[in-house]
Amino acid sequence: MPLDVQGTFVSQKINKVRWIPEDYVETKHFFTGSWDDDVNSIKVWTLESQNEDDEAEYPRELSAYKVEGDVTQIRFLDKTNIAVSISNGDVKIINVSAYDRQIPLREINCWKKIHNFGEEVCSCTSLDTMEGELASIGEDGQINIYSTRRGEVSRTIKEADSCSLHSICFLKLNEIITGNLRGHMKIWDIRSSNDKPAASFLLSGDDLAANCIIRHPTQPHIILAGSESGAIALWDLRMNQFPTSLLNAHAAGVTEMEFHPENPNKMLSSSVSGEVWEWNMENLTKKGVDEFMPLEDKNTMNVNALMPILHKAINTLHCDKGRILCGADNEAVYLIKNFKY
């Protein structure tokens, strides 16, 4: 079946979309987080057809939770709780009912203005979660590690960076990697008592922000970073001084990357240039240290565009089996169906 792309106008610029996982069925519910609005919000939506014979499904809003500032990241702590970072410096944990998605979202915990310049507010730019653990970063160059079970900040690395941190990813439960405004990447051992990184290296020779970082799902020593220029860099952390491969990918900044949850050879990326691409990563992530594709030889990379190019930034994507959600600055949510994975 050919790819089917449906766009729905939702009256807000969408910065994050996330499918809400279901155990035994294909999920129809998802979150959106908005930005650049007078009042931003996290919303829960359901997909439904207009009538029984209609295959097209359209989002219908079930509930909304207002926030002060832009939603900068949404990550799941578990199946019913999400961690949200906000541009006013807040980090929130919000609960969605497992039984009735129309029940209003409920705030479980909030660390107010946890990222700041003293009295002055600054953005909590991103966060990441792993097995119930939570870490956040901000424009203040600070890393916060949270004990979500106890509802407290368990560790703060105050001067982790001299400039704004943009991206963060858990490598292991006790190890995170961060990327800053100038493309400096640092690995932190969060059990260590000193506030020095365990390793540091550069995204590329140019001072370009590392917009997003992801870890390979089956080869955790392989990480990828998407840059402000649209390039995607790949490292093998066993030899981490320089990227193993540097792909000149999108025409403008990479906004989000994700490996397909059921096929680690498929990666998806979205961009400020309005593109959503599918990558075949099989050749790029071979298991032997010396078997990586050289930087010059990219002809064997398979890259497919999944939808026509938009004239506005696509800020976010999330996939669930054969369906992909995208959120864009044209105030629309796109559903791509029949994706072969």
Side-chain angles (χ1 to χ4, degrees), residues 5 7-18 32-37 40 69-75 85-87 123-128 137-139 163-169 178-185 202-214 223-234 243 245-259 267-279 298 301 303-319 324-336:
V5 181
T8 306
F9 183 70
V10 293
S11 305
Q12 282 184 312
K13 292 180 182 177
I14 300 300
N15 210 22
K16 293 295 164 211
V17 292
R18 297 288 179 256
T32 59
S34 71
W35 82 286
D36 196 29
D37 210 340
N40 290 296
D70 302 334
V71 176
T72 57
Q73 186 59 276
I74 299 174
R75 295 282 186 213
S85 57
I86 303 169
S87 66
S123 176
C124 177
T125 50
S126 191
L127 52 75
D128 197 25
I137 52 170
E139 286 179 348
C163 70
S164 174
L165 287 165
H166 273 224
S167 48
I168 181 168
C169 177
T178 59
N180 76 5
L181 186 64
R182 297 198 298 266
H184 294 174
M185 317 280 287
L202 279 172
L203 175 60
S204 68
D206 308 314
D207 282 355
L208 292 165
N211 286 350
C212 49
I213 307 172
I214 58 170
I223 60 157
L224 291 97
S227 94
E228 200 177 18
S229 69
I232 293 175
L234 179 145
S245 298
L246 187 64
L247 310 169
N248 290 322
H250 294 281
V254 181
T255 51
E256 194 150 57
M257 301 184 296
E258 185 193 11
F259 281 97
M267 188 192 79
L268 304 168
S269 63
S270 60
S271 167
V272 173
S273 54
E275 298 161 326
V276 177
W277 288 0
E278 166 209 353
W279 299 73
K298 294 297 173 296
M301 285 292 297
V303 181
N304 297 319
L306 296 182
M307 58 186 274
I309 296 174
L310 298 183
H311 297 296
K312 293 275 189 178
I314 297 178
N315 299 316
T316 178
L317 57 80
H318 198 211
C319 58
I324 301 160
L325 274 174
C326 307
D329 273 357
N330 63 357
E331 303 191 356
V333 169
Y334 292 86
L335 174 64
I336 302 171

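Using a distance-only test at 3.5 Å, with no hydrogens or angles considered, a donor-acceptor pair links the side chain of S271 to the main chain of G253. Here the side chain of E258 pairs a donor or acceptor atom with the backbone of C319 at under 3.5 angstrom. Using a distance-only test at 3.5 Å, with no hydrogens or angles considered, no donor-acceptor pair links the side chain of D329 to the main chain of K312. Looking only at distances, a side-chain donor or acceptor of N211 sits under 3.5 Å from a matching main-chain atom of V254. Between the side chain of N304 and the backbone N or O of L306 there is no donor-acceptor pair closer than 3.5 Å. S34 places no side-chain N or O within 3.5 Å of a backbone atom of N40 that could act as its donor or acceptor partner. In terms of modelled atom types and a separation under 3.5 Å, the side chain of N315 and the main chain of I14 share a donor-acceptor contact.
With sequence neighbours excluded, the residues forming a ring-ring contact (aromatic ring centres under 6.0 Å, His included) with H250 are W277, listed by chain and number.
Rounded to the nearest 0.5 Å, atoms NE2 (H166) and CG (N180) are 8.0 Å apart. Taking CD1 of I232 as the reference point, atom CE of M267 lies at 4.0 Å (rounded to 0.5 Å). Going from atom CG of L317 over to atom OG of S269 covers 7.5 Å, rounded to the nearest 0.5 Å. Here the straight-line distance linking atom CD1 of I74 with atom CG of N15 works out to 9.0 Å at 0.5 Å rounding. Atoms CZ and OG1, from R18 and T32 in turn, are 11.5 Å apart once rounded to the nearest 0.5 Å. Summarising the geometry, atom CG belonging to L234 is positioned 5.5 Å from atom OG belonging to S245; distances are rounded to the nearest 0.5 Å.
Counting all heavy atoms, side chain and backbone alike, L208 lies closest to S229 at CD1-CB, 3.4 Å. Closest approach of G274 to I314, counting heavy atoms only: O-CD1, 3.5 Å. Here the closest non-hydrogen pair linking A249 and G230 is CB-O, 3.1 Å. Across A210 and L203, no two heavy atoms sit closer than the pair CA-CD2, 3.9 Å. Closest approach of C326 to M307, counting heavy atoms only: SG-SD, 4.3 Å. Closest heavy-atom contact between V17 and L325: CG2-O, 3.7 Å.
For S270 and E256, the side-chain atoms include no donor-acceptor pair closer than 3.5 Å. Between the side chains of S85 and T72, at least one donor N or O lies within less than 3.5 Å of an accepting N or O. Between the side chains of T125 and S123, no donor-acceptor pair of N or O atoms lies under 3.5 Å.
Between Y334 and V276 there is no side-chain heavy-atom pair separated by less than 4.5 Å. Counting heavy atoms from C-beta outward, E331 and Q12 have side chains that stay 4.5 Å or more apart. Side-chain contact between Q73 and I168 is absent, with no heavy atoms from C-beta onward closer than 4.5 Å. Looking at heavy atoms from C-beta onward, I324 lies out of side-chain contact with E278 at the 4.5 angstrom threshold.
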Before you tell me yes or no, could you show the steps for M257 and L268 under side chain to side chain contact (heavy atoms under 4.5 Å, CB included), namely the whole-Å CA-CA distance, both residues' side-chain angles and the distance that decides it to 0.1 Å? CA-CA 6 Å; M257 301 184 296; L268 304 168; over 6 Å; no

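Remark: D128 engages R75 in a salt bridge, criterion side-chain N to carboxylate O under 4.0 Å.
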